[in-house]
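Just so we're on the same page: letters track the sequence lines, and every chain starts at 1.
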There are 2 protein chains.
Amino acid sequence: MSSQSTLAPRVHAAEQSLGAAGYRLTRPRRELLRAIAAMPDHFTPDELIHAVGPAVGRATVFRTIRMLTERDLLCRVRLEDGTLAYRWSGAGHHHHLVCVSCGRVDDLQGCDIDSDLARLAAASGFAVDGHWLEVYGRCADCRAREA
Amino acid sequence: MSSQSTLAPRVHAAEQSLGAAGYRLTRPRRELLRAIAAMPDHFTPDELIHAVGPAVGRATVFRTIRMLTERDLLCRVRLEDGTLAYRWSGAGHHHHLVCVSCGRVDDLQGCDIDSDLARLAAASGFAVDGHWLEVYGRCADCRAREA
DNA sequence: GGATTTCTTGACACTAGGTATCACTAAGCT
DNA sequence: AGCTTAGTGATACCTAGTGTCAAGAAATCC
Ligand SMILES: [Mn+2]
Ligand SMILES: [Mn+2]
Ligand SMILES: [Zn+2]
Ligand SMILES: [Zn+2]
């Protein structure tokens, strides 16, 4: 029975987090967390619906994604074509590097544009209180594959 | 008859631009350009559909918005709640300041994050070739109104 | 364990936003 | 005025998601 817990440390952490926050650990939620852990690094709601199969209702998949996103266990990625995808979230506010060739997503470390934005926006009289940034490009593997 | 042309210099410019590019200047396209000129600084497709009324079909509204966006006569704004809006576009690549209180949108001038992004992304092996940035905050008017 | 309480589920209907089809219309050209 | 082809719009369809609510099942309390 150790194989299950070693396969998905994030699942266990997420269950702890939800339990501590007063959410019930229902069968659908457990199944969704396991399904998410088995997905590639990001997934769309539709992909998750198909991955988890008829064991969990469609509405529950959307509800659970939203709840996990609000609890900061998942983060949103806006892909280049505008579709929304999700992935495990570590830290708080951060951005993503999205490979437009293979779809791979990396967290963008060390981005500090807040101060620049605040200064630029001040010229228009705006007080900045948030921003959304996605960065598109090509990952090392994809570039190597075509060189 | 001068009132029409003085009311909408952008409409005339847009018609010139489309004509020069080989697009036919149809009645629906003319009506849409006039309707867009009469909208507030940004609008959703649905708002435009209602503004133009039954004189133009729904599909044509979407098609025309897409065409104008591809031709760079309109630009897309992603509002804080995720809805897509459109507005007249001046330059090429630029960003927006969106007031989360009154909805006003300003173009963000002088934003130069490309080099920073390229440097940060290089740490992950990514070559950056594009990005999407929207900035949310509160405009001068809205701040004054609540002070 | 069993009863209770409250949260959660899932079927379903519904909405918003947008696209594919295709017969018909009308710009633009001569 | 006639021809050619781009453009239109009715319609059907689609994806992504939300609201409703009766029934089910966690957690809690005994
Ligand atoms: Mn992330
Ligand atoms: Mn703009
Ligand atoms: Zn790649
Ligand atoms: Zn404002």
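- Side-chain N/O atoms of Arg58(B) and base N/O atoms of dG9(D) include no donor-acceptor pair closer than 3.5 Å.
- To the nearest 0.5 Å, atom CG of residue Leu97(A) and atom CZ of residue Arg138(A) are 14.0 Å apart.
- For the pair Val128(B) and Ala121(B), the tightest heavy-atom approach, listed with the atom from each and the gap, is CG2-CB, 3.4 Å.
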field: Candidate pair Arg143(B) and Asp141(B), rule salt bridge (charged side-chain N to carboxylate O under 4.0 Å, His left out), full reasoning
entry: CA-CA 5 Å; Arg143(B) 285 190 298 155; Asp141(B) 291 353; over 6 Å; no
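- In this structure, Ile49(A) places its CD1 atom 9 Å from C1' of dG17(D), rounding to the nearest Å.
- Between the P atom of dG10(C) and the CZ atom of Phe62(A) lies a distance of 14 Å, rounded to the nearest Å.
- Contact annotation for Arg29(B): backbone-only contact, meaning every heavy-atom pair under 4.0 Å involves sugar-phosphate atoms and none involves a base.
- Contact of the Trp132(A) side chain with the Arg78(A) side chain is registered, since non-hydrogen atoms from C-beta on lie closer than 4.5 Å.
- In this structure, Asp81(A) places its CG atom 15 Å from C1' of dG17(C), rounding to the nearest Å.
- A pairwise comparison of heavy atoms in Met67(A) and Tyr23(A) identifies CG-CE2, 3.7 Å as the closest pair.
- Straight-line distance from the CZ atom of Phe43(B) to the P atom of dG17(C): 14 Å, rounded to whole Å.
- Met67(A) places its CE atom 14 Å from the P atom of dC7(C), with the value rounded to the nearest Å.
- The ring-ring contact (aromatic ring centres under 6.0 Å, His included) check on His50(B) picks up nothing, with sequence neighbours excluded.
- Distance check, rounded to the nearest 0.5 Å: NE2 of His96(B) to CD of Glu134(B) gives 6.5 Å.
- Between Arg66(A) atom CZ and dA16(D) atom P the separation is 17 Å, expressed in whole Å.
- Ring-plane geometry between His95(B) and His131(B) is classed as tilted, the angle between the planes lying from 30 to 60 degrees on a 0 to 90 degree scale.
- The separation between Leu48(A) atom CG and dT15(D) atom C1' is 16 Å, rounded to whole Å.
- Straight-line distance from the CG atom of Leu84(A) to the P atom of dT18(D): 10 Å, rounded to whole Å.
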Any protein N or O atoms within reach of nucleotides 20-23 of chain D? Criterion: under 3.5 Å, listing atom names and distances.
none

Protein-nucleotides 26-30 of chain C N/O pairs under 3.5 Å:
from    : atom 1 : to       : atom 2 : distance (Å)
dA27(C) : N3     : Arg24(B) : NH1    : 3.2
dG28(C) : OP1    : Leu25(B) : N      : 2.7

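- Across Ala37(B) and Val11(B), no two heavy atoms sit closer than the pair CB-CG2, 3.5 Å.
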